[in-house]
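In what follows, every chain begins at residue 1, and chains take the letters A, B, ... in the order their sequences are listed. The structure displayed is predicted, hence computed values, not measured ones.
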Number of protein chains: 2
Amino acid sequence: MTDRASTAPPARKRADAQRNEQALLDAAAAAFGASGVGVPVRDIAARAGVGVATIYRHFPTRADLIVAVYRHQVEACAEAGPALLAECPSPYDALARWIDLFVDFLDTKHGLAAVLQSDDPGHAALHAYFLDRLVPVCKQLLDSAVKVGEVAPRLDPLGLLYAVGNLCAGQAVPRYDARRMVRLMITGLRLR
Amino acid sequence: MTDRASTAPPARKRADAQRNEQALLDAAAAAFGASGVGVPVRDIAARAGVGVATIYRHFPTRADLIVAVYRHQVEACAEAGPALLAECPSPYDALARWIDLFVDFLDTKHGLAAVLQSDDPGHAALHAYFLDRLVPVCKQLLDSAVKVGEVAPRLDPLGLLYAVGNLCAGQAVPRYDARRMVRLMITGLRLR
DNA sequence: ATCTAAACGGATCGACGTTCCGCTTGTCAA
DNA sequence: TTGACAAGCGGAACGTCGATCCGTTTAGAT
């Protein structure tokens, strides 16, 4: 075992493949920012200076690519949950602020919320990742607020996250303020 | 003026064109119900037994076809607004029940809410129709509730309708209950 | 019966996601 | 260093879909 990491599996990628994967991540991030997460696959490939097949080789579905691009930010959002719970005066406040963070994240990513609500099986991995990572955090916040009687019990955290995502989708109309509508919904949650 | 209706404009459609238009409306209604409003144009044409060009001739954009298919139901929803205002104990109740009607309408139409939130210019006519017809009704209900102090002022009726539409979009997840989330938001509206 | 413009249908085009296949190149052992 | 081989690559090709085009059919008027 001369490997630096003793747990590393024997399969190692070729150097050019690693470079391409990184180039693709950079290109995808740029393309998503410029044209939304629905940007044509060919555009991303062109930005990265690779062929389209290379994208599919590294990221079998668009969802895989999206997850890879936004993983850091989703992680940060997930980790903010317990932190807010610790520092906020009440669990409800923590929940409200955490939802705000989630809205911040979603509405700076053109079309991400829309993709999140699609039932295209190609997006299953995206659903799975977001939900696996964020539902437990939301549940913890919700449970804490329920425990002190600030919020009514029996609200599915998945449903709440889903609703926030939906409210952030489709901002085509300039007079529509997603954040305000989310706050309204969170207000409706409060018991006392 | 030998025309039966003196107000009829000189332009009259050929009988076969009228038949085809009706066949298309029936076929589209069936196809929308079976496969959602995103069903391929070719499928609708096949159901109606016409060529695809005939669809575009009668309904230049998909939005025109959707509007034509659902016009009656949208009208009914719009007309229910003033009626509810008259018969309900309070304007807030009328608003809540009207929103409920809107949700009823939306979530029985696969994918309609999703189309409603798309910013595809081909759907502009759909946006325009829904908004022209329903925003004034929503505004009347909202204004009435504001006047008696049940709801905070300065909420854009368009934004509220948009939010309801968003909440009804993308019901891919079985544990997501759009109606419940809408009710939560409407609850958040209430002042006293 | 004849004429004409309205209407038609399906071929066609372009955009896109996805797959396929022959070529290139990194890696490792001799 | 060199040779062999599999990992990796690029872009052509295919299927689907929306939208348009164009030669043909036909309703309705004369």
Next item on the list: Could you pull out all residues at least two apart from B:Y92 that satisfy ring-ring contact (aromatic ring centres under 6.0 Å, His included)?
Entry: none
Note to self: According to side chain to side chain contact (heavy atoms under 4.5 Å, CB included), who are the partners of A:T108, at least two apart in sequence or on a separate chain?
What the structure shows: none
Next item on the list: For C:dC8, take OP1 and OP2 only and decide whether either is under 4.0 Å from a side-chain N or O of B:H58.
Entry: yes
Check: Who pairs with A:D120 by side chain to side chain contact (heavy atoms under 4.5 Å, CB included), at least two apart in sequence or on another chain?
Finding: A:S118, A:H123
Notebook entry, point to check: Given atom CG of B:D120 and atom P of D:dC17, what is their separation to the nearest angstrom?
Noted result: 17 Å
All N/O donor-acceptor pairs, side-chain side in residues 33-50 of chain B, below 3.5 Å, sequence neighbours left out:
none

Next item on the list: For A:R179, check side chain to side chain contact (heavy atoms under 4.5 Å, CB included) against everything at least two apart and list the hits.
Entry: A:D100, A:V103, A:D104, A:D107, A:D177, A:R183
Next item on the list: List for me each residue that meets ring-ring contact (aromatic ring centres under 6.0 Å, His included) alongside A:Y176, sequence neighbours excluded, and say none if there are none.
Entry: B:Y162
Next item on the list: Would you mind classifying the nucleic acid contact of B:V52 as base, sugar-phosphate or nothing, using non-hydrogen atoms under 4.0 angstrom?
Entry: base
Next item on the list: Output all residues satisfying ring-ring contact (aromatic ring centres under 6.0 Å, His included) with B:Y56, sequence neighbours left out; order by chain, then residue number.
Entry: none
Note to self: Please give me every residue in residues 30-48 of chain A whose heavy atoms get under 4.0 Å of an atom in DNA chain C, ordered by residue number.
What the structure shows: A:P40, A:V41, A:R42
Margin query: Output one letter per nucleotide in nucleotides 21-30 of chain C: B when a protein non-hydrogen atom lies under 4.0 Å from the base, S when only the sugar-phosphate is that close, - when neither is.
Written below: ----BSS---
Next item on the list: May I have the distance from B:N20 (atom CG) to C:dG10 (atom C1'), rounded to whole angstrom?
Entry: 15 Å
